[in-house]
Structure formats: C-alpha cells, structure tokens
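Everything below concerns the one structure shown next.
Just so it is clear, the structure is predicted and the values come from calculations on it, not from any experiment.
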Amino acid sequence: MAPALPARWAAAALVRSCSTPITSRVLITERHTLLPRTTKRGVQYGWATAPARGKPNRFNQVSSGIPAPTTGPAAALARTAQSTPLRSGVLAVKKGVSAMFAQGRRIPCTILQLDEVQVVASKTRASNGYWAVQVGCGHKTPGNVTAPQLGYYEAKGIAPKRHLAEFKVRSEDGLLPVGVQMQPDWFKVGQFVDARSNSRGMGFAGGMKRHGFAGQEASHGNSKNHRTIGSNGPSQGGGSRVHPGKKMPGRMGNERVTVQNLEVLKVDNEMGIVVIKGHIAGPKGAIVKIADAIKKPPPAETFIAKARRILLERNDGHEQRLSEARTKHLELKDMRKEGTYAEFMEAAVA
C-alpha cells in the first residue's frame with residue numbers, strides 16, 4: 001500500500017494547464033509550487049532503467065577533475081566508433097560465382113545483384129540509443145504481410161519488402177532519408193567491403209564431415225564403428241558427463257559468416273550488379289549484407305559526398321512523397337476505424 005501524503009499536502013490540488021501537455025502536472029501547496037516532473041530515464045539519458053537512487057553522480061563530475069565516465073551511451077559509441085562505418089551498406093542477392101581476367105591472371109569473383117534496395121527507416125541516438133539505417137530489398141505480396149507491418153510501410157509510401165536489415169553508422173551524418181533507392185554506384189571500384197551472409201545449410205552431419213575427425217580403425221576388432229566419434233568424455237574424475245562444447249554430430253551449416261576486406265571489381269547500374277573479388281558464403285539466392293570494410297581505410301570523403309549527392313538527385317522530392325504518404329496513412333487509418341475503408345476501396349477500383 002502506498003504511504004500517505006504529509007499533512008501539509010492535504011489541501012494540495014493537481015492543476016492542469018490548457019497550454020501544457022496532458023502528461024504535465026503541477027503540484028501547488030500553501031507554501032511551495034513544485035515544477036512539473038520530467039522523465040530522466042531512457043536511451044537519451046542513459047541505458048539504465050533502474051529508479052533514481054538519490055543523486056548517485058553528485059560527486060562524479062568531469063569538472064571535479066576526475067576522468068570522463070566509461071559507461072553510458074556516449075562512452076559505448078565512442079568505443080565502437082573506429083569499427084563503425086561512416087555510411088550505410090546495402091542488401092544484395094547472390095547470383096553466382098564467376099571469374100574475371102586482368103593482366104593475364106584469372107580472378108575469381110562473386111556477382112551480387114541489388115533488388116529494389118530502399119531506405120525504410122532511420123534509427124537515432126535520441127530514440128534508439130545509436131545511429132543506424134534500416135534498409136529493405138525485394139518485394140513481398142501484400143496478402144502475405146500482417147496488418148501492422150502493412151501500416152508500417154504504408155506510412156512511408158513504400159511497398160512491402162522481402163528482407164530488412166540494419167546498418168549502424170558512426171554519426172548522424174551517415175543517416176539517409178526514408179524512401180530513397182540505392183544503386184550499385186554507392187560503392188567505388190577498388191574499395192574494400194565486408195560481406196556478411198548465411199552459409200549453405202547441409203543438414204545433420206557426422207563428426208568426420210562436420211569437424212574433420214579421422215574416424216576409427218578399419219580392422220582389428222572394429223565392428224561397424226568406422227565413422228563414429230568414439231568416446232564422448234571421461235568418467236569419475238571428469239564428472240561422468242559430456243563437457244559443454246564437445247564436438248559431436250549435429251546440424252551443419254546455415255551459420256552467419258563474415259568475409260572481410262573484399263575488393264570491388266565492378267559496379268553496373270544498368271544491370272544492378274556489384275562484382276567483388278573472392279567468394280562469399282551461401283547458395284545462389286542468399287541475402288548478403290555489403291558495407292564498407294572496417295579494417296581498411298574508408299572511401300575518400302569526396303567520393304562519399306558525391307555518392308550521397310547523386311543519390312539525393314535521383315530521388316528528388318522524397319520529402320514531399322513521405323509527407324503525402326503519412327497524411328494518406330492517417331486518412332486510411334480513420335477510415336478503418338469508421339468502417340468505411342471497404343467502400344473507399346470499391347470506389348477506387350471501380
């Protein structure tokens with residue numbers, strides 16, 4: 001049961017001002033007027049969601065001569081700044097493996113195709129605690145999308161996407177407007193990228209195939225155990241158990257694999273392909289996340305600025321389209337509440 005208020009607050013009243021939001025309340029007493037209570041918890045103030053405990057940081061200020069704090073969102077973003085790309089990556093579909101010939105050498109390469117890659121949303125530090133760009137690719141039939149997800153795309157004026165992924169960026173400068181379409185010339189020939197995809201699934205596999213075990217003897221008393229792994233662990237002193245992490249038969253493949261420092265050999269906007277040097281995990285049709293390499297110098301600032309300028313020029317009027325889509329979304333939302341949406345659709349089709 002909540003404790004009772006002090007006696008001097010018995011005559012206090014909660015007064016709501018018409019000019020202030022409904023959530024803002026002012027407590028007025030005979031002697032004092034307390035200011036409205038404002039939240040101090042959330043990702044914009046810190047990741048801790050525990051209740052305040054009497055000014056724990058009163059004496060832990062940088063102005064007191066102590067070093068800057070090593071916890072909190074600002075410190076975490078600073079630690080990962082060097083391993084976070086300056087700009088967003090893209091989603092691509094693996095079409096296959098081929099080879100290119102240059103200076104008498106055969107260079108194996110992987111062909112990736114961009115399929116209607118669009119920016120779906122932007123994550124900000126004020127709302128989410130970090131900066132990121134949400135990118136979607138492909139097309140999905142609206143009948144196979146849930147109603148909440150349809151509303152999510154409807155408010156942005158974008159058709160439902162088959163795949164969604166996030167690409168973290170170092171700062172707010174790396175964010176992109178919602179609705180713009182990204183093309184292969186987002187990357188530069190000669191730069192290095194990191195490719196991340198799921199490897200080919202091989203189902204249930206034994207120890208010899210999955211972990212490279214040598215197998216057991218072919219003769220000398222071995223009966224039908226040539227490909228088994230043998231003993232699983234010690235007994236008595238070892239705990240009479242199988243230790244965690246023991247290599248055993250099980251499901252093989254379909255794991256996230258990242259291949260770093262791959263060189264871009266070719267970009268083609270007409271065909272919508274990016275050709276990179278080397279091989280990438282996954283079968284044909286696998287979804288691949290391509291982003292600037294984190295262990296190599298990023299592209300020149302002039303190229304980044306040029307690629308962004310070309311991207312915005314191709315998608316001129318994106319802000320107006322987004323505003324119109326949001327307005328239309330609210331109108332359709334009201335129609336659904338009133339039950340007139342079906343009549344509106346019939347009239348539109350007719």
Side-chain angles (χ1 to χ4, degrees), residues 80 83-85 89-99 108-115 117 120 130 132 134-141 143-146 148-149 160-168 193-219 221-262 274-291 293-295:
T80 58
S83 60
T84 305
V90 300
L91 285 176
V93 181
K94 181 179 177 180
K95 306 304 292 186
V97 178
S98 183
C109 59
T110 304
I111 302 175
L112 306 173
Q113 186 175 25
L114 276 63
D115 183 15
V117 179
V120 179
Y130 59 96
Q134 188 182 59
V135 177
C137 76
H139 175 73
K140 198 170 185 179
T141 306
N144 296 332
V145 184
T146 60
Q149 199 71 8
K161 295 297 181 181
R162 174 65 61 177
H163 303 281
L164 287 176
E166 277 190 10
F167 293 90
K168 284 189 175 182
V193 296
D194 294 340
R196 182 173 297 174
S197 59
N198 283 357
S199 61
R200 180 170 58 91
M202 305 181 201
F204 192 94
M208 294 181 67
K209 181 177 180 180
R210 190 184 186 197
H211 302 293
F213 289 174
Q216 299 189 29
E217 297 293 337
S219 61
N222 192 334
S223 176
K224 300 181 180 180
N225 286 302
H226 308 290
R227 296 183 64 88
T228 59
I229 65 174
S231 177
N232 287 332
S235 181
Q236 289 188 348
S240 299
R241 64 192 180 94
V242 178
H243 293 279
K246 170 65 178 176
K247 294 181 179 179
M248 300 180 68
R251 184 173 297 177
M252 181 178 178
N254 194 24
E255 297 178 350
R256 181 60 59 89
V257 179
T258 301
V259 184
Q260 296 181 325
N261 305 333
L262 298 175
V274 177
V275 181
I276 63 175
K277 183 179 179 180
H279 298 277
I280 297 176
K284 294 181 180 179
I287 299 299
V288 183
K289 296 175 64 176
I290 317 173
I294 62 175
K295 293 184 179 178

In Å, rounded to the nearest 0.5 Å, how long is the span from [atom1] of [X] to [atom2] of [Y]?
| X | Y | atom1 | atom2 | result |
| --- | --- | --- | --- | --- |
| M248 | N232 | CE | CG | 4.0 Å |
| N222 | E217 | CG | CD | 7.5 Å |
| K94 | I111 | NZ | CD1 | 11.0 Å |
| H139 | K161 | NE2 | NZ | 9.0 Å |

Please tabulate, for the side chains in residues 252-260, all donor-acceptor contacts under 3.5 angstrom to protein atoms that are two or more places apart in sequence or on a different chain.
residue	atom	partner	partner atom	Å
R256	NE	N198	OD1	2.9
T258	OG1	R196	NE	2.9
Q260	OE1	K295	NZ	3.1

Which pairs would a plain distance check flag for residues 275-285, meaning a side-chain donor or acceptor within less than 3.5 Å of a matching protein atom at least two apart in sequence or in another chain?
none

* When you look at NZ of K168, are more than 12 heavy atoms from neighbouring residues, nucleotides or ligands closer to it than 6.0 Å? ->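 For K168, atom NZ is not crowded (no more than 12 foreign heavy atoms under 6.0 Å).
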* Is it true that atom CZ of R200 has more than 12 heavy atoms of other residues, nucleotides or ligands lying nearer than 6.0 Å? ->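 No, the 6.0 Å shell around CZ holds no more than 12 heavy atoms from other groups.
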[X] and [Y]: which non-hydrogen atoms are nearest, and at how many Å?
| X | Y | value |
| --- | --- | --- |
| M202 | K209 | SD-CE, 4.3 Å |
| V288 | S197 | CG2-CB, 4.0 Å |
| I290 | A92 | CD1-CB, 3.8 Å |
| I294 | D194 | N-OD2, 3.3 Å |
| V135 | F167 | CG2-CD1, 3.9 Å |
| P249 | G207 | CG-N, 3.9 Å |

Counterpart residues, side chain to side chain contact (heavy atoms under 4.5 Å, CB included), relative to [X] (two or more places apart):
| X | value |
| --- | --- |
| R251 | none |
| E166 | K123, Y130, A132, Q134 |
| S231 | none |

* **Contacts of H211 that satisfy ring-ring contact (aromatic ring centres under 6.0 Å, His included) - sequence neighbours left out** =>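 Only F213 meet the ring-ring contact (aromatic ring centres under 6.0 Å, His included) criterion with H211.
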* Under a 4.5 Å cut-off applied to non-hydrogen side-chain atoms, are I287 and R162 in contact? ->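 I287 vs R162: side chains apart.
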* To do: Report yes if the side chains of L164 and Q149 come closer than 4.5 Å at any heavy-atom pair, otherwise no.
  =>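 Heavy-atom side-chain distance check passes, below 4.5 Å.
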* To do: Apply the test side-chain contact (heavy atoms from CB on, under 4.5 Å) to residues L91 and K289: give CA-CA distance (whole Å), side-chain angles for both, the deciding distance (0.1 Å), then the verdict.
  => CA-CA 5 Å; L91 285 176; K289 296 175 64 176; 3.5 Å; yes
